[in-house]
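Each remark here refers to the structure printed beneath this line.
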Amino acid sequence: MSDQWLPLLLLLLSLLSAFTAPSTAGDSITAPETLSDGGGTLVSLNELYELGFFNPNNSNNNNRYLGIWYHKIPVQTVVWVANRAHPILDRTGVLNFTENGTLVLLNQTGTIFWSSSSATNTSTPVARLLDSGNLVLMDGAGDANVFAWQSFDHPTDTHMPGMKFGWDFRTGLNRYLTSWKSASDPSPGDYTIMFDLRGVPQVLTRDISVVTYRSGPWNGIRWNGVPAQTSNNSIYNYTYVSNNNEIYYMYLLSSDAEVTRLFLDPSGVLDRPVWVESAQSWTSFLSGPSDKCDPYSLCGPYGICDMDTIPICNCLKGFSPKSPRDWYLREAKGGCVRNTKLGCEEGGDGFMKLSDVKVPESSNATVDATMGLDECAKKCLMNCSCTAYATSNISSGIGCLNWFGELIDSRTYPNGGQDLYVRLAASDLDKGGHTKKKTSVGVIVVATVVPGILLLSVVGYCLKRRRWWARKLVRRGGTIEYFREIRSATETELPLFDLETVRNATNNFSTSNVLGEGGYGPVYWGKLEEGQDVAVKRLAKTSIQGAEEFKNEIMLIAKVQHRNLVRLLGCCIEGDERMLIYEYMPNKSLDTFIFDFTKSASMDWQKRNDIIMGIARGLLYLHQDSRLRIIHRDLKASNILLDKELKPKISDFGLARIFGGDQDEAKTKRVVGTYGYMSPEYAMDGVFSVKSDVFSFGVLVLEILSGRRNRGFYQSEPDSNLLRNAWRLWKEGRGLELLDTSIGHVYPVIEVMRCLQVGLLCVQEQAEDRPTMSWVVMMLGSEAVTLPQPKQPAFSTGKGVPEADQSSGLHEESRSVNEVTMTILQNPELTSHRLRGFSAY
Ligand SMILES: *[C@@H]1O[C@H](CO)[C@@H](O)[C@H](O)[C@H]1NC(C)=O
Ligand SMILES: *[C@@H]1O[C@H](CO)[C@@H](O)[C@H](O)[C@H]1NC(C)=O
Ligand SMILES: *[C@@H]1O[C@H](CO)[C@@H](O)[C@H](O)[C@H]1NC(C)=O
Ligand SMILES: *[C@@H]1O[C@H](CO)[C@@H](O)[C@H](O)[C@H]1NC(C)=O
Ligand SMILES: *[C@@H]1O[C@H](CO)[C@@H](O)[C@H](O)[C@H]1NC(C)=O
Ligand SMILES: *[C@@H]1O[C@H](CO)[C@@H](O)[C@H](O)[C@H]1NC(C)=O
Ligand SMILES: *[C@@H]1O[C@H](CO)[C@@H](O)[C@H](O)[C@H]1NC(C)=O
Ligand SMILES: *[C@@H]1O[C@H](CO)[C@@H](O)[C@H](O)[C@H]1NC(C)=O
Ligand SMILES: *[C@@H]1O[C@H](CO)[C@@H](O)[C@H](O)[C@H]1NC(C)=O
Ligand SMILES: *[C@@H]1O[C@H](CO)[C@@H](O)[C@H](O)[C@H]1NC(C)=O
């Protein structure tokens with residue numbers, strides 16, 4: 001063999017070695033060894049961890065990262081990444097040493113993607129993956145316990161057993177976690193979690209700079225905000241160290257058999273999953289935030305979150321909502337204000353004890369580790385800006401925490417929290433009893449009117465509001481009863497707008513602000529001072545029927561909150577004005593879309609499907625998930641409003657009825673509702689139940705699919721009977737022909753057919769054959785559910801109510817009229833009907 005072949009042979013050999021199946025190179029590399037992508041991995045001696053190049057599962061790119069994962073766990077679980085922000089775009093990455101003993105990650109052209117931030121300064125550097133999963137850099141000829149650099153000092157999103165999470169004050173090192181951008185992208189995401197050293201140390205999760213979650217301070221045994229944390233759990237134990245040199249939290253596995261880790265997931269949740277061998281999956285053991293009360297400062301200053309109350313936000317005793325209107329809308333972030341200013345002088349204030357709570361945000365708190373609880377109280381009283389105290393060590397009861405300023409982010413726990421003593425003016429303490437934020441109007445009227453209005457030297461918006469109330473009530477004694485009725489019927493305080501505000505918002509009820517004519521008066525568009533758009537439904541002064549519906553609507557909608565129900569922001573009752581103020585829906589009602597030739601083109605299948613699902617969820621909530629059972633009775637396309645993202649919201653509760661817990665159906669002499677949407681048993685016999693709403697829903701579904709209005713049942717044109725038409729096409733296997741042509745030709749056929757079938761199931765003649773809304777939601781939402789065959793829909797044979805009613809003068813006015821809600825009295829003499837042009841609000 002001639003010499004010229006030698007280099008080629010060598011090249012071949014080296015290529016061969018590079019392409020042999022990835023072999024492991026033990027647990028370390030020593031210069032001049034390198035670790036190249038495709039050239040094997042390092043595995044810790046206990047075979048728990050593995051270091052090498054990887055591409056995150058499910059990523060749609062070929063980015064290569066150097067990282068550490070569990071060697072034996074088949075589900076790719078990466079616990080550390082070197083070059084998370086600088087992926088290598090091909091497989092030429094090499095882990096190598098520089099001359100001064102720095103560990104570097106580069107590609108073949110020498111671009112550096114990552115390097116250890118410190119060097120060994122020797123010619124014999126070693127990089128080793130320890131049993132703990134710690135990648136360390138050290139001098140091969142030196143002390144094996146001295147690391148020039150270690151990955152445990154530079155965690156990515158995972159806090160591993162044995163790793164110190166926290167600060168080393170001597171070196172200024174802060175070990176904290178930064179989430180991945182997504183499950184398939186290790187680059188730094190928006191969430192971080194780290195020790196906050198201000199005041200009394202605690203751990204804070206942040207979304208960029210906004211705090212989203214807080215562990216609470218260490219209480220001697222565990223994080224105050226993680227009551228479920230226990231050390232004797234057979235999986236891991238933990239320690240907390242806080243001294244002049246360092247502060248950290250650390251945990252150790254009880255045995256290598258049960259693996260757990262702590263990591264900040266891409267959505268900002270700190271999760272502690274445990275690997276369950278038998279299930280071959282990770283199962284969450286603890287996480288934070290873990291429930292609705294956990295998000296940071298949900299209830300604002302002096303608010304306290306309680307999972308057992310509705311709504312979950314409450315004011316601490318002695319405090320009232322700063323903005324009752326916002327609180328009513330479940331936007332409690334504004335928090336609460338003190339009812340009575342602190343006295344501060346000797347004996348002027350005292351403390352209210354709260355048990356089992358997460359203590360407030362402690363960045364403005366102080367700690368005295370040697371002080372007992374009694375002294376702690378005295379210390380707090382002595383400083384006028386001290387607002388609360390608690391013990392700092394629940395196991396010894398020694399140690400004193402004092403809070404200064406606002407108390408933020410408190411919550412209660414069923415058990416496992418600790419006692420907190422909140423400072424209150426003596427007068428607020430005396431009232432005793434459990435904190436009750438709901439003071440009925442009746443009480444206020446008596447309390448303010450009788451002892452004289454001057455009593456009201458009030459603090460804050462809330463009481464000012466009430467004073468205003470009281471004046472109004474005094475002036476118009478005659479209406480107190482009416483208000484009281486509404487008030488007591490609404491458990492939460494329904495915000496009141498004064499006439500002036502509404503007047504200003506609607507440009508003095510300018511005709512140019514009129515959105516339409518509702519069933520009992522005009523509906524105006526308005527803009528509140530704060531800039532919020534609202535719809536104002538103004539009751540015509542002459543409408544007696546309207547007054548009833550007005551009251552009904554207030555009582556009902558004030559009690560329900562759901563993203564698919566329109567939100568009532570408040571009401572205005574002044575003089576003989578009666579108004580309801582709603583959130584404004586820029587896209588008006590569903591009928592203006594689906595029945596409009598040009599606008600319906602913007603409604604593709606996905607949008608229509610989302611709308612159907614949204615309506616179904618809203619109705620399900622009314623029927624079953626709210627605290628009440630509500631039958632809407634007037635569900636129709638014009639009562640479905642669309643927000644700016646075209647999300648549907650059910651509106652118009654003027655005709656709705658609340659059912660008792662065990663009541664299934666009711667009968668009324670006054671049949672109200674809208675032709676085309678009324679179920680046969682309701683239209684004919686006045687019997688209504690959840691199933692009559694289901695019928696209306698079915699009609700809606702068919703209308704949304706077809707883009708055609710169900711025009712009653714007695715029109716001469718056969719095609720105008722939507723139910724009959726849909727049924728005919730379904731029977732002939734031509735169901736897709738029902739579809740609105742503006743949906744286009746591309747849609748998921750199975751999904752559409754399924755939707756049609758559900759629609760038909762909902763409009764069956766017999767109420768008992770129709771599915772409940774929960775069943776509807778399930779059928780629409782899951783392809784796994786087998787659907788029953790629908791029976792012939794009601795009104796599709798040509799027989800039915802309408803012929804009879806025509807003779808009594810009942811008919812739809814004309815097709816140009818948008819919508820008709822009718823009142824049919826069973827007594828023919830009193831038969832009446834009224835028109836609703838635009839009854840969206
Ligand atoms: C992830 O990727 C690895 C290696 O490509 C593969 O073995 C594993 O099955 C993938 N899936 C999961 C869920 O980890
Ligand atoms: C590793 O780095 C040394 C210099 O420190 C260099 O001579 C060698 O070629 C590098 N090895 C690889 C595979 O890049
Ligand atoms: C090394 O990385 C740089 C930067 O990404 C790139 O421009 C270069 O082409 C890479 N070299 C090789 C051989 O892949
Ligand atoms: C080690 O060498 C690299 C270049 O090879 C240089 O960038 C780095 O600053 C050096 N580190 C130390 C600690 O001297
Ligand atoms: C290596 O040298 C750098 C700069 O001279 C120094 O800061 C560092 O502490 C040295 N590292 C070790 C492990 O001695
Ligand atoms: C931990 O110990 C406490 C008492 O020390 C006991 O009440 C609790 O049940 C134990 N928990 C577990 C998970 O063993
Ligand atoms: C925690 O568990 C490790 C073994 O897994 C043990 O060595 C250590 O002593 C335990 N620590 C405490 C405080 O129980
Ligand atoms: C802590 O006090 C400062 C200064 O008084 C204040 O600006 C800040 O809002 C307070 N932080 C909390 C959480 O109360
Ligand atoms: C009250 O406590 C605050 C915070 O610790 C402190 O700044 C202030 O000086 C104290 N006031 C008095 C009168 O001791
Ligand atoms: C809390 O009290 C216990 C004794 O009951 C003690 O062992 C522990 O060190 C204390 N913790 C702190 C942080 O002071």
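Start at 1 and go down the list; that is how both ligands and their atoms are numbered.
For the pair R423 and W403, the NZ or CZ position fails the cation-pi test of under 6.0 Å to the six-membered ring centre and within 45 degrees of the ring normal.
Nearest protein heavy-atom neighbour of atom 9 (O) of ligand 3: T109 OG1, 4.5 Å. With respect to atom 5 (O) of ligand 2, the closest heavy atom belonging to the protein is F97 O, 3.0 Å. Considering only non-hydrogen protein atoms, atom 10 (C) of ligand 3 sits nearest to N107 ND2, 2.4 Å.
Ranked by closest heavy atom to atom 6 (C) of ligand 7, the top entry among L253, T239, N237 is N237. Ranked by closest heavy atom to atom 12 (C) of ligand 2, the top entry among L95, N96, T102, T92 is N96.
D27 places no side-chain N or O within 3.5 Å of a backbone atom of S44 that could act as its donor or acceptor partner.
Note: Y251 and H159 have perpendicular aromatic rings, judged against thresholds of 30 and 60 degrees for the angle between ring planes.
Note on ligand 3: L89 sits outside its first shell, no heavy atom being nearer than 4.0 Å.
Taking every heavy atom of both residues into account, L298 and C293 meet most closely at CD2-CA, 4.4 Å.
Of the listed residues (F54, F113, W114, W80), just one forms a ring-ring contact (aromatic ring centres under 6.0 Å, His included) with Y65, and that residue is F54.
Between R175 and D153 there is a salt bridge, since at least one side-chain N of the basic residue sits less than 4.0 Å from a carboxylate O of the acidic one.
Below 4.0 Å from some heavy atom of D90 lie the following atoms of ligand 3, by number and element: 12 (C), 14 (O).
Distances from atom 2 (O) of ligand 3 to the protein include at least one heavy-atom value under 4.0 Å. Within a 4.0 Å radius of atom 14 (O) of ligand 2, the protein contributes one or more non-hydrogen atoms.
Polar contact check, Q108 against ligand 3: no nitrogen or oxygen pair lies under 3.5 Å apart.
By the 4.5 Å heavy-atom criterion applied to side chains, F351 and C380 are counted as neighbours.
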